[in-house]
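Here the structure comes first, spelled out in structure tokens, and everything after it is commentary.
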Amino acid sequence: MSSSLKSALRKVAGASKVDAALIKEVTHDIEVALIRADVNVKLTREITKEIARKSLETDPKAGMSVREHVIKVVHDELARLLGEAREVRLKRQRIMLVGLYGQGKTTTAGKLGKYFQTRGIKTALIAADVHRPAAIDQLAQLGAKLAIPVYFERNQKDAVKVVRDGLDKFLAHDVVIIDTAGRDALSDDLIREMEAIARESQADEKLLVIDATVGQQAGPQAEAFHKAVHITGVVITKMDGSAKAGGALSAVATVKAPVVFIGVGEKVDDLERFHPTRFIGRMLGMGDIEGILEKATEVASEEELEATGRELLSGRLTLRTFYHQLEIMSRMQDNQLKQLVESIPGIGIAGGLSSEQMAVSLETMRKYRVMLDSMTAEELDEPDVIRGPRLERIARGAGTSVAEIRAMMQRYEMLKKQVNMFRSNRGLQKQLMKMLKDGGAEGLEGFDLGELTGKAGGGPKRR
Ligand SMILES: Nc1nc2c(ncn2[C@@H]2O[C@H](COP(=O)(O)OP(=O)(O)OP(=O)(O)O)[C@@H](O)[C@H]2O)c(=O)[nH]1
Ligand SMILES: [Mg+2]
């Protein structure tokens with residue numbers, strides 16, 4: 001679908017105003033692209049109608065060109081079509097993979113194993129497909145290649161026993177991934193087996209693995225599995241080269257089963273977290289879509305950055321300053337952030353952080369931002385007022401626990417202490433102000449990224 005979406009948007013490139021004829025042409029192209037990608041026809045019509053209406057009825061935000069305005073509208077509608085993002089968190093958990101024959105469960109088990117392992121989490125695999133002897137070999141080979149232990153019992157026909165024994169063996173592992181057997185269809189015996197394994201393992205995540213080539217059929221499939229075993233997320237495989245990817249994705253979104261990962265090839269690295277905005281950016285052939293969306297919200301001006309820096313130096317650090325730092329850092333490109341981190345005394349010198357460790361710390365920052373987003377202005381300016389019921393309200397608003405909010409507040413308190421120490425060092429102060437002037441990368445001084453990456457990242461400690 002991507003090339004036709006790209007050409008649709010190219011038409012807007014030179015336009016100086018949004019007019020009906022132009023939008024009609026663009027929405028027509030988008031409609032063709034979506035239908036070609038197997039997106040349901042009715043859904044496609046609704047989407048393109050909305051795109052046309054919103055492009056014409058709303059005015060571009062200040063500082064946005066016509067092209068950016070239309071791109072934003074197109075993005076927002078496609079994002080609705082694809083559904084909300086949900087992430088499988090980097091924590092101690094048991095993950096069970098379910099699905100029909102040949103959808104990619106075993107391959108995905110290996111990919112997920114690698115995903116956690118490279119993020120510093122001790123991971124193990126259990127081969128609970130007891131129906132096909134070759135299934136054990138397949139997972140065992142994957143595990144050997146990745147140096148991830150695999151538990152299996154040959155000639156054992158009781159999948160639940162394999163799971164029980166495997167979990168006993170892997171008590172010291174943080175993430176245990178269970179590969180299960182497929183069937184031709186969602187039969188009673190498959191449901192019974194899935195239920196029994198889910199019960200035995202107390203799986204935190206039950207991920208349905210669906211092959212993108214089933215197209216719109218992915219919808220009813222996801223719904224049926226959801227009814228049967230309450231899946232917590234969907235992994236769509238074979239997104240590489242499937243003309244029906246749009247059908248599978250949109251159909252799954254309509255049954256409210258969040259897509260968490262997509263498989264984009266046969267190799268162990270071919271797994272991506274499903275991130276609707278990034279995905280849409282790629283469909284539209286634009287790497288910079290996040291940049292455009294930010295423009296539509298709020299752009300931190302240079303003055304703002306400098307003000308934040310001065311606020312830091314003055315010692316009047318509030319949660320608002322903390323928030324600004326996170327905001328700006330999350331806007332920076334990975335390589336910029338890496339450079340910046342490496343320039344911080346005590347962190348960068350000893351080899352720096354790997355890109356995986358950076359990814360974990362970025363995740364933490366995003367999490368913090370959500371928490372700060374659910375605070376009131378008063379709370380941001382006077383963090384001391386955050387107590388009791390306020391803590392609970394903030395946790396609810398951020399979809400997290402009071403303990404997590406407390407942990408974030410502790411980070412903030414620590415940063416405050418570090419800033420105070422930093423204030424007594426003039427050399428560092430100069431360096432910070434220079435960074436601010438050079439392109440807005442303030443405030444990192446207070447961060448101990450080793451701490452931020454925590455157990456998962458195991459990042460270097462400050463010296
Ligand atoms: N191109 C591509 N191929 C994939 C992807 N994921 C899995 N495959 C291939 O799909 C085939 C089936 O994958 P498996 O992982 O064995 O599927 P399964 O669900 O475990 O199958 P059963 O155990 O037989 O039910 C294999 O040839 C994989 O290499 C993907 O994202 N892209
Ligand atoms: Mg398998």
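Read the numbers this way: they start at 1 and go in the same order the structure lists the ligands and their atoms.
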Asp174/Lys122 ion pair, N-O < 4.0 Å: no
Pair Tyr368 + Tyr412: ring centers closer than 6.0 Å: no
Side chains of Ile30 and Val74 in contact at under 4.5 Å (non-hydrogen atoms): yes
Within the 4.0 Å heavy-atom sphere of ligand 1, strictly under, residues: Leu100, Tyr101, Gly102, Gln103, Gly104, Lys105, Thr106, Thr107, Lys111, Asp129, Arg132, Gln138, Gly182, Thr237, Lys238, Asp240, Gly263, Val264, Gly265, Glu266
Side-chain donor-acceptor contact under 3.5 Å, Gln221 with His226: no
Donor-acceptor side-chain pairing of Glu31 and Thr44 below 3.5 angstrom: no
N, O or S from Thr106 under 2.8 Å to the Mg ion (ligand 2): yes
Residues Ser55 and His69: side-chain donor-acceptor under 3.5 angstrom: no
